[in-house]
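Report on the following structure.
Order of appearance sets the numbers: ligands from 1, and atoms from 1 within every ligand. None of these values were measured; they are calculated from a predicted model.
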Amino acid sequence: MGPGRLLPGLLLAIGAAARWVATPDTVRPRVVREQLLWVSGEGHGGVHTFRVPLVAATRGGALLACAEGRKRSAADVGAKFIACRHSPDGGATWGPTRVAADDGSAADGLNLGALAVAGDEVLLLFARCAHPPQACGPPSTHLLRSRDGGLSWGPPQNLSGVVGSEVFAPGPGYGIQKQHAPGRGRLVFCGHGTLERDGVSLLLSDDGGLRWRRGGALPAIPFGAPRHPRDFTPDECQPYELPDGSIAVNIRNQNSYRCRCRMVARSWDGGETLPPAAVTFDPALVDPAVAAGVLVTGDLVFFSNPAHESQRVNLTLRWSFTNGTTWWGRGLQVWAGPSGYSSMAAPPPDAQGHAPFLYLIYEKGRSLSTETISLATISIAGGP
Ligand SMILES: *[C@@H]1O[C@H](CO)[C@@H](O)[C@H](O)[C@H]1NC(C)=O
Ligand SMILES: *[C@@H]1O[C@H](CO)[C@@H](O)[C@H](O)[C@H]1NC(C)=O
Ligand SMILES: *[C@@H]1O[C@H](CO)[C@@H](O)[C@H](O)[C@H]1NC(C)=O
């Protein structure tokens with residue numbers, strides 16, 4: 001059954017005028033649809049591997065999904081293009097793959113990346129030459145803007161002048177537009193550096209993405225040194241806004257500092273700072289060191305990752321009724337087998353404060369996590 005047909009029954013059941021209240025009884029996520037958006041290495045234009053999936057819910061119920069097309073190998077380094085597909089109808093139908101950016105045959109090409117929805121525009125941020133020293137020039141970070149939901153893109157804007165000479169590899173995931181003070185309306189992206197010079201930092205814009213500046217940073221310790229097991233190495237990051245207007249950043253804990261679990265940073269000043277004293281570790285979110293998804297919708301926080309201490313398997317959706325401080329139950333196992341990076345999006349909540357669906361895009365396979373990019377549509381109040 002498609003989401004469109006579930007919705008009327010759902011509204012009837014909860015009463016059209018009542019504010020929807022998220023409780024363990026009303027929140028029972030289940031997968032109602034799953035679609036393979038890209039398949040690696042099956043002669044699809046000679047693309048070796050699709051990786052690093054992103055999804056955004058754009059205006060009018062449309063969706064945009066993007067991923068890296070790694071042309072000749074599965075490696076992070078190498079020539080790539082950014083593949084995007086557009087759905088005008090919440091995932092019911094999908095248009096063909098369109099190329100948002102292409103690095104030709106660069107020795108170390110582009111890397112995703114983060115999407116953001118800002119009013120009528122969709123922004124796509126990606127890095128180039130993010131694995132120095134490679135023979136493709138200085139690292140840089142680039143912004144694409146679309147006025148048609150990601151069907152076409154304007155010319156790339158090189159943000160090196162803002163970012164400086166350090167690598168700023170965005171996400172992977174999405175950037176946010178703040179809904180609450182402080183900094184209401186501000187665009188916030190999170191990015192990370194190279195392993196030796198790692199750490200997360202924020203990129204801020206207060207004018208809808210025309211001008212950017214650096215926000216808070218949380219560098220690795222030690223900085224600029226080869227990594228050791230258990231080093232403090234904040235890596236790939238997903239920011240989200242909590243109802244009190246603070247920003248939380250869920251972070252890949254690259255060297256398993258303190259735990260094989262997620263690291264969380266906070267900012268109470270709209271992303272100007274990421275104070276080290278506010279960094280916590282969440283033992284409930286067991287993680288093999290991977291990019292994970294976080295989504296805030298209504299009063300709920302969702303989290304997705306391969307929930308395993310060392311292997312990329314067991315893609316699990318967790319949810320929190322307590323602003324992400326505790327997680328309910330054991331979550332929903334979306335895929336028991338190989339799975340990797342994931343990201344989520346949801347349409348804006350309706351007048352009752354409820355988003356009926358969320359979209360979870362993830363790396364999924366039978367023997368390797370990089371075999372396909374799959375999109376799961378998950379009914380939030382799906383019931384047993
Ligand atoms: C981006 O700008 C930087 C700094 O001006 C420059 O070094 C780099 O070559 C530019 N990158 C691209 C791909 O244009
Ligand atoms: C979540 O945060 C909001 C805003 O600070 C607060 O009003 C609410 O009580 C919090 N929810 C829980 C369950 O702690
Ligand atoms: C999958 O992850 C969930 C959530 O962490 C956990 O409860 C469950 O035991 C895991 N299953 C396997 C087979 O690892």
Side-chain angles (χ1 to χ4, degrees), residues 19 21-24 27 29 79-82 101-111 113 125-144 155-169 178-182 212 240-248 259-262 266-268 282-288 290 292-293 296-340 342 353 360 362 369:
R19 182 171 162 79
V21 181
T23 69
V27 177
K80 307 175 205 78
F81 65 97
I82 298 176
D102 189 338
D103 57 29
S105 55
D108 181 19
L110 48 82
N111 280 94
L125 195 64
F126 63 96
R128 277 185 188 273
C129 305
H131 306 93
Q134 293 289 329
C136 74
S140 52
T141 304
H142 301 262
L143 179 68
L144 293 174
Q157 185 185 346
N158 184 344
L159 297 185
S160 286
V162 179
V163 169
S165 56
E166 294 286 344
V167 169
F168 182 89
K178 285 199 86 251
Q179 305 295 310
H180 310 285
W212 294 87
Y240 52 103
E241 185 176 20
L242 290 167
D244 65 358
S246 68
I247 296 170
C259 63
R260 293 182 184 272
C261 70
R262 305 295 296 181
R266 289 290 285 281
S267 174
W268 285 274
D282 191 337
L285 302 182
V286 170
D287 190 63
V290 72
V296 179
T297 172
D299 300 331
L300 288 163
V301 183
F302 288 92
F303 174 82
S304 62
N305 81 335
H308 191 284
E309 284 202 348
S310 56
Q311 291 170 40
R312 293 186 179 181
V313 295
N314 190 25
L315 203 289
T316 303
L317 180 73
R318 306 293 301 271
W319 52 93
S320 171
F321 299 101
T322 58
N323 300 320
T325 56
T326 60
W327 301 92
W328 180 257
R330 293 160 66 89
L332 171 70
Q333 186 183 66
V334 176
W335 179 243
S339 44
S342 62
L360 166 65
Y362 68 105
S369 64

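Nearest-residue assignment for atom 5 (O) of ligand 3 (options A307, G329, A284; heavy-atom criterion): A307. Nearest to atom 8 (C) of ligand 3 by heavy atom, out of V334, L315, L332, N314, is N314. Looking at D299, D244, N323, L242 and measuring to atom 6 (C) of ligand 2, the nearest heavy atom belongs to N323.
At least one heavy atom of P138 sits less than 4.0 Å from an atom of ligand 1. The closest approach between a heavy atom of V286 and any atom of ligand 3 is not below 4.0 Å.
In this structure, D282 does not pair ionically with R318, as no charged nitrogen and carboxylate oxygen lie closer than 4.0 Å. Classification of D287 and R262 as a salt-bridged pair holds, one side-chain N sitting under 4.0 Å from a carboxylate O.
Checked by atom type, the side-chain pair N323/T325 shows no donor-acceptor distance below 3.5 Å. If you check the side chains of N314 and W335, you find no donor sitting under 3.5 Å from an acceptor. Side-chain N/O atoms of R312 and S369 include no donor and acceptor closer than 3.5 Å.
The nearest protein atom to atom 4 (C) of ligand 1, hydrogens excluded, is given as S160 CB, 3.7 Å; this is a heavy-atom distance. The protein atom (non-hydrogen) at minimum distance from atom 9 (O) of ligand 3 is R330 NH2, 3.3 Å. Nearest non-hydrogen protein atom to atom 13 (C) of ligand 2 is F321 O, 3.3 Å.
Listed by number with element, the atoms of ligand 1 under 4.0 angstrom from any heavy atom of R128 are 13 (C). Heavy-atom contacts of T316 reach the following atoms of ligand 3: 1 (C), 2 (O), 4 (C) (cutoff under 4.0 Å). When each atom of ligand 1 is checked for a heavy atom of N158 under 4.0 Å away, the hits are 1 (C), 2 (O), 3 (C), 8 (C), 10 (C), 11 (N), 12 (C), 14 (O). Against a heavy-atom cut-off of under 4.0 Å, H142 is close to the following atoms of ligand 1: 11 (N), 12 (C), 13 (C).
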Subject >> W319 vs F303, ring pair (Phe, Tyr, Trp, His ring centres under 6.0 Å): CA-CA, chis, key distance, verdict >> reply: CA-CA 6 Å; W319 52 93; F303 174 82; over 10 Å; no
Original post:
Could you go step by step and tell me if H131 and D108 meet the side chain to side chain donor-acceptor pair (under 3.5 Å) rule?
Top reply: CA-CA 7 Å; H131 306 93; D108 181 19; 3.1 Å; yes
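Not a single N or O atom of Q333, backbone or side chain, sits closer than 3.5 Å to an N or O atom of ligand 3. Polar contact with ligand 3: absent for H308 (N/O pair, distance under 3.5 Å).
Distance CG/L300 to OG/S320: 8.0 Å, rounded to 0.5 Å.
Relative ring orientation between F126 and H142 is described as parallel, the plane-to-plane angle staying below 30° on a 0-90° scale split at 30° and 60°.
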